[in-house]
Amino acid sequence: MFGQTAAGSAANSPSGARVFRYEVVGLRQNDETDKMGFPIRRSGSTFITVPYSRMNEEMQRIARMGGKIVSITPITAS
């Protein structure tokens, strides 16, 4: 399938291997997020780890859920 090929090739590139951690506050539960199968924290920060290739999608999803991104931190391999 197209999506699998694109994701597979991104993982082989230097930027595709990079991972970032989003710190998000203010996420709200709604009909769309109820489909995820787990509750969202009501207070404090939520941390979401995302590969570089999905950063834009994740920002849009966070915005739809009413969240605010507090920080984005690169995660380095040790």
Side-chain angles (χ1 to χ4, degrees):
M1 295 186 68
F2 178 73
Q4 292 172 344
T5 304
S9 62
N12 294 333
S13 70
S15 63
R18 294 170 56 192
V19 180
F20 295 83
R21 179 172 292 142
Y22 289 21
E23 181 179 359
V24 182
V25 295
L27 292 176
R28 66 176 182 261
Q29 197 84 19
N30 59 29
D31 291 338
E32 186 64 29
T33 58
D34 282 340
K35 296 175 187 173
M36 291 192 299
F38 55 88
I40 296 174
R41 293 179 58 178
R42 294 192 184 274
S43 64
S45 295
T46 302
F47 294 90
I48 303 169
T49 304
V50 182
Y52 177 79
S53 61
R54 292 200 50 237
M55 287 181 73
N56 190 27
E57 291 173 42
E58 194 63 31
M59 284 191 244
Q60 292 174 6
R61 188 178 75 87
I62 290 166
R64 281 194 307 269
M65 293 168 54
K68 177 182 175 186
I69 298 171
V70 177
S71 68
I72 301 174
T73 309
I75 299 176
T76 57
S78 36

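Everything numeric here is computed off the predicted structure, so don't read it as measured data. Below, all heavy atoms of this structure are taken into account, side chains as well, without hydrogens, waters or symmetry copies.
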Query raised in the report: Of all residues at least two apart in sequence or in a different chain, which pass the salt bridge (charged side-chain N to carboxylate O under 4.0 Å, His left out) check with R54?
Result: E57, E58
Report task. List the steps and the verdict of side chain to side chain contact (heavy atoms under 4.5 Å, CB included) for V24 and M65. Result -> CA-CA 11 Å; V24 182; M65 293 168 54; over 6 Å; no
Query raised in the report: Is any side-chain heavy atom of V50 closer than 4.5 Å to a side-chain heavy atom of R61?
Result: no
Query raised in the report: Which heavy atom in G67 sits nearest to a heavy atom in L27, and how many Å separate them?
Result: CA-CD2, 3.7 Å
Report task. Of all the heavy-atom pairs spanning M59 and I69, show the shortest one and how long it is. Result -> CG-CD1, 3.7 Å
Query - By side-chain hydrogen bond (donor to acceptor under 3.5 Å, both in side chains) - contacts of S71 (at least two apart) - result: E23
**Report entry** Distance (rounded to the nearest 0.5 Å) between T49 OG1 and F20 CZ
**Finding:** 11.5 Å
